[in-house]
Amino acid sequence: MITPLVPVTEPDLRGRERQYVNEALDEGWISSSGRFIDRFEREFAAYCGVKHAIACCNGTVALHLILATLGIGPGDEVLVPSFTYIASANAVTYTGATPVLVESDPTTWNLDPERLEEALTPRCKALIAVHLYGRPCAMPALRAFAARHGLHLIEDAAEAHGATIGGRKAGAWGLAAAFSFFGNKLVTTGEGGMVTTDDDLLAEQLRLYKGQGMDPERRYWFSVVGYNYRMTNLAAAIGCAQLERVDQLLEQRLRIAGAYRERLLPYADRFGWQLASEDPESRHVHWLFSLRVPGRHRDPLMAFLRERGIDSRPFFHALHTLPVYQDGRFHGHRRLDHARLLGETGLNLPTYSRLDEHTIDRITAAMVEYFAPHTTVRG
Ligand SMILES: *Cc1c(COP(=O)(O)O)cnc(C)c1O
């Protein structure tokens with residue numbers, strides 16, 4: 001018998017997902033209106049503690065929708081961490097504006113608030129704070145910076161459903177935030193996204209641009225060029241079922257992260273592993289459990305795990321190392337070594353609800369097995 005590969009993620013659809021999708025099908029509401037859309041938006045807004053949530057078809061367009069609605073375009077610049085998933089920067093590029101890449105903090109792995117100033121120019125209009133792998137950014141510092149320089153603060157919360165900073169949810173700190181509900185995210189709708197905001201006027205404009213720009217009072221009357229970024233009621237049906245169990249989904253992530261930490265920390269010094277730093281002020285939701293290892297060992301370790309039936313993922317490449325964003329205008333020839341090193345040294349281990357302790361034992365034992373011959377035992 002072939003043992004299946006332990007995956008990095010899998011969706012947890014053990015609630016009412018199937019029931020709600022069937023209800024939507026039975027009722028004939030399969031497109032972009034319907035009760036599940038309304039309910040999902042209302043409940044997601046309440047969950048995040050914001051006034052408005054606007055559903056869209058994925059996280060990338062949620063980001064683009066925010067930027068486009070704010071009127072960001074050619075000639076503008078937007079600060080984005082270099083170490084992030086590419087969608088954070090691509091959404092800026094779609095508007096014709098330039099993403100300007102910022103250095104990361106080597107311990108939090110998020111953008112370093114101390115390194116924003118050096119990237120700032122008079123053309124900067126916005127700052128995108130990405131809560132990477134579920135760890136929330138230092139939002140109070142980023143908020144202060146954005147306010148001081150008149151920047152729109154936008155959160156990319158695609159990986160951070162339920163994360164909190166000082167008790168306040170990710171998605172409730174910026175002028176607006178984008179979430180993703182892709183199949184591997186903490187809360188999923190298959191493909192899907194959401195924009196959250198407390199700003200009434202912005203919410204109205206976001207809805208206008210999301211729905212092709214059609215005047216809500218006058219059918220087929222268009223005064224702006226909008227987009228079709230709508231979510232389907234079928235996707236929202238899945239989202240409603242996921243939200244009913246969001247606390248359980250988060251508990252599983254915390255359980256898994258705790259189990260990994262317990263098993264990996266005793267070896268961290270000896271093997272040169274770096275786990276995410278702990279911050280008592282915030283709740284890290286561990287979308288994917290992550291760690292850094294000495295760079296030369298990262299890819300061989302992943303190959304070794306794979307031979308033992310365990311899948312893993314490398315960290316994202318820092319954007320300034322990629323062909324699309326290596327040009328000097330994206331990073332002003334700043335070195336951004338921490339961002340680059342993160343991309344070269346990090347990996348994500350399997351993180352999904354059904355992952356049991358026995359499998360975590362197997363994974364961590366394989367890591368120790370790989371590293372043992374590569375170190376001289378000290379002391
Ligand atoms: C997943 C993700 C996105 C994009 O979401 P999609 O739904 O895949 O378009 C954006 N930013 C980050 C940080 C992500 O992880």
Side-chain angles (χ1 to χ4, degrees), residues 8-11 40 44 53-68 78-95 99 101-102 104-105 108-111 126-137 139 142 153-163 170-171 173-174 176-196 210 227-232 234-236 238-239 242 249 253 276 284-290 313-319 322 324-325 339 342-343 346-348 351-352:
V8 175
T9 60
E10 64 174 29
F40 190 39
F44 197 79
I54 294 112
C56 33
C57 46
N58 62 58
T60 308
V61 305
L63 275 172
H64 179 236
L65 181 64
I66 297 169
L67 294 162
V78 177
L79 300 170
V80 181
S82 182
F83 179 60
T84 182
Y85 181 55
I86 197 155
S88 316
N90 280 352
V92 176
T93 300
Y94 302 158
T95 68
L101 305 173
V102 179
S104 300
D105 178 322
T108 68
W109 311 342
N110 280 325
L111 72 78
L127 158 61
I128 300 182
V130 190
H131 309 295
L132 275 165
Y133 302 122
R135 186 201 172 109
C137 291
M139 292 314 288
L142 299 184
L153 178 58
I154 298 165
E155 296 174 76
D156 179 343
E159 305 180 357
H161 316 71
W173 283 85
F179 286 86
S180 165
F181 305 115
F182 183 63
N184 68 9
K185 297 288 160 79
L186 234 154
V187 172
T188 187
T189 62
E191 291 271 10
M194 191 77 87
V195 177
T196 54
K210 160 189 155 175
Y227 309 91
N228 174 2
Y229 281 174
R230 298 181 299 256
M231 174 184 271
T232 67
L234 291 171
I238 299 175
Q242 290 269 293
L249 299 175
R253 289 314 215 265
H284 183 329
V285 289
H286 298 279
W287 166 51
L288 293 178
F289 186 83
S290 310
R313 288 280 177 284
F315 271 14
F316 306 125
H317 297 281
L319 300 185
L322 295 174
V324 274
Y325 291 119
L342 277 158
L347 74 157
N348 312 122
T351 317
Y352 53 90

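Whatever order the structure lists them in is the order used to number ligands and atoms, beginning at 1. Side chains are part of it too, since the values below use all heavy atoms of this structure and drop only hydrogens, waters and symmetry mates.
In this structure, OG1 on T108 lies 9.0 Å from CG on L132, to the nearest 0.5 angstrom.
By the 3.5 Å distance cut-off applied to N or O atoms, G59 is counted among the residues near ligand 1. Taking any N or O of T84, backbone or side chain, none lies under 3.5 Å from an N or O belonging to ligand 1. Considering backbone and side-chain N/O of S180, one or more are found under 3.5 Å from N/O of ligand 1.
Only the side chain of V130 comes within 4.0 Å of ligand 1, counting heavy atoms alone; its backbone N, CA, C and O stay farther away.
Shortest contact from atom 15 (O) of ligand 1 to any protein heavy atom: E159 OE2, 2.5 Å.
Aromatic rings from Y133 and H284 are positioned such that their centres are separated by 6.0 Å or more. Here the two rings, on F44 and F181, have centers that are under 6.0 Å apart. The six-membered or imidazole ring of Y85 lies away from that of F182, with a centre-to-centre distance of 6.0 Å or more.
With distances taken over non-hydrogen atoms, the option nearest atom 11 (N) of ligand 1 out of D156, T189, L132, T60 is D156.
Look at K185 and you'll find a heavy atom under 4.0 Å from some atom of ligand 1.
Contact of the E159 side chain with the L186 side chain is not registered, since no non-hydrogen atoms from C-beta on lie closer than 4.5 Å.
W109 pairs in a ring-ring contact (aromatic ring centres under 6.0 Å, His included) with only one of the listed residues (F83, F315, F316), which is F315.
Shown in contact with N58 at under 4.0 Å from a heavy atom are these atoms of ligand 1, numbered in order with element: 7 (O), 9 (O).
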